[in-house]
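Read through the structure below, which is laid out as structure tokens, and then see the notes.
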Amino acid sequence: MEDYRKLLIKRIRLLSALVLFTVSILIFNIFFVPDTSRIPEVYGFQCSLVAALGTIAVITITRFRKILHNDSRLQMQYNKEHDERMKTIRSKAGLPLLQITSVLMISAGIIFSYTNIVIFYTLIIAAAIQLAIACTVKFTYMRLM
């Protein structure tokens, strides 16, 4: 169980890095990007998406911290993560690798939106399609298995 506790601590650290990234992008967007280079549609989408990523990361960090302080919750979360049926379903859907690559694609799209808008649209659409396919496969297998 200690190994799982250490794994949750690593996840909290990675999510904290994501929160720092989102806060730095928001600060950069608000204070350092000149008004002449802002495209209104993209700017609003960027700020919303970055704020949503940061919020989800903070909520997940809070959930993991609560789990770490309660042994029964820790055991329940461990059992939930190591359920063989769900492991099979997640592996068939390509999770968590698709989630990670999608977040990286979205982050790259946000960063490259300052230089080329086509790259922004391409990466965001590709990440959205990738996540939609993974969700569809996961829900399909959850009903079948």
Side-chain angles (χ1 to χ4, degrees), residues 1-30 32-33 38-145:
M1 196 54 65
E2 282 303 314
D3 292 336
Y4 186 65
R5 188 179 302 268
K6 289 177 185 175
L7 178 68
L8 285 181
I9 291 171
K10 283 182 187 177
R11 288 180 185 171
I12 288 172
R13 288 183 182 143
L14 286 173
L15 288 169
S16 298
L18 180 63
V19 169
L20 288 175
F21 172 74
T22 58
V23 168
S24 64
I25 291 290
L26 282 174
I27 289 172
F28 180 75
N29 272 343
I30 293 170
F32 298 112
V33 175
R38 288 185 188 166
I39 301 170
E41 299 85 23
V42 174
Y43 178 73
F45 182 77
Q46 271 182 332
C47 289
S48 316
L49 189 63
V50 170
L53 280 173
T55 304
I56 290 171
V58 168
I59 290 170
T60 307
I61 288 171
T62 306
R63 197 180 104 226
F64 283 163
R65 286 186 188 262
K66 284 182 182 178
I67 289 171
L68 283 175
H69 294 299
N70 190 339
D71 288 337
S72 63
R73 282 186 181 173
L74 184 67
Q75 183 67 39
M76 285 175 45
Q77 182 67 25
Y78 177 82
N79 290 342
K80 185 178 173 182
E81 266 191 44
H82 290 85
D83 180 29
E84 290 178 15
R85 177 181 170 266
M86 288 306 294
K87 271 186 170 180
T88 304
I89 290 171
R90 281 192 295 265
S91 69
K92 287 183 182 277
L95 300 174
L97 186 63
L98 280 178
Q99 289 173 328
I100 293 168
T101 58
S102 295
V103 168
L104 290 175
M105 288 169 67
I106 291 169
S107 301
I110 289 169
I111 291 170
F112 285 117
S113 69
Y114 300 112
T115 58
N116 191 339
I117 198 70
V118 175
I119 295 174
F120 169 75
Y121 286 130
T122 304
L123 286 172
I124 298 299
I125 291 170
I129 290 171
Q130 190 172 322
L131 286 173
I133 290 171
C135 287
T136 304
V137 170
K138 181 178 177 181
F139 290 133
T140 303
Y141 277 116
M142 284 179 75
R143 288 187 164 236
L144 294 177
M145 295 178 90

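All values derive from a computational prediction rather than experimental measurement.
Atom OH of Y78 sits in a sparse spot, with 12 or fewer heavy atoms from other residues, nucleotides or ligands closer than 6.0 Å. Y141 OH: 12 or fewer foreign heavy atoms inside a 6.0 Å radius. Within a 6.0 Å sphere centred on CZ of F112, heavy atoms belonging to other residues, nucleotides or ligands number 12 at most.
When every heavy atom of L18 is checked against every heavy atom of A57, the shortest pair comes out as CD2-CB, 4.0 Å. Nearest heavy-atom pair across A134 and L95 is CB-CD2, 4.1 Å.
With values rounded to the nearest 0.5 angstrom, L97 atom CG is found 12.0 Å from S91 atom OG. Atom CG in L144 sits 9.0 Å away from atom CD1 in I89 (nearest 0.5 Å). T22 contributes atom OG1, which lies 6.0 Å from atom CG of L26 (distance to the nearest 0.5 angstrom). Here the straight-line distance linking atom CG of L20 with atom CD1 of I25 works out to 12.0 Å at 0.5 Å rounding. For the atom pair CD1 (I56) and CG (L15), the distance works out to 10.5 Å, reported to the nearest 0.5 Å. Here CD1 of I110 is found 6.0 Å from CG of L53. Values are rounded to the nearest 0.5 Å.
Shown are R11, K10, R5, K6; of these, the side-chain contact (heavy atoms from CB on, under 4.5 Å) with L8 is made only by R11.
Residues F21 and V50 form no side-chain contact, since every pair of their non-hydrogen atoms from C-beta on lies 4.5 Å or further apart. Looking only at side-chain heavy atoms (C-beta outward), I30 and Y43 come within less than 4.5 Å of each other. For the pair R73/Q77, no side-chain contact is recorded, criterion being any heavy-atom separation below 4.5 Å from C-beta on. In this structure, the side chains of L123 and I106 stay at 4.5 Å or more apart for every pair of heavy atoms. Between M86 and K138, some side-chain heavy-atom pair lies under the 4.5 Å cut-off. Put simply, the side chain of L98 does not reach to within 4.5 Å of the side chain of I133, judged on heavy atoms.
Note on E84 versus K87: no salt bridge recorded, every NZ/NE/NH1/NH2 to OD/OE distance being 4.0 Å or above.
Applying the side-chain hydrogen bond (donor to acceptor under 3.5 Å, both in side chains) test to every pair with at least one member in residues 46-69, sequence neighbours left out, gives these pairs: Q46-S113.
Side-chain rings of Y114 and F28 approach one another, their centers coming within less than 6.0 Å.
A side-chain N or O of N79 and one of Q75 form a donor-acceptor pair less than 3.5 Å apart.
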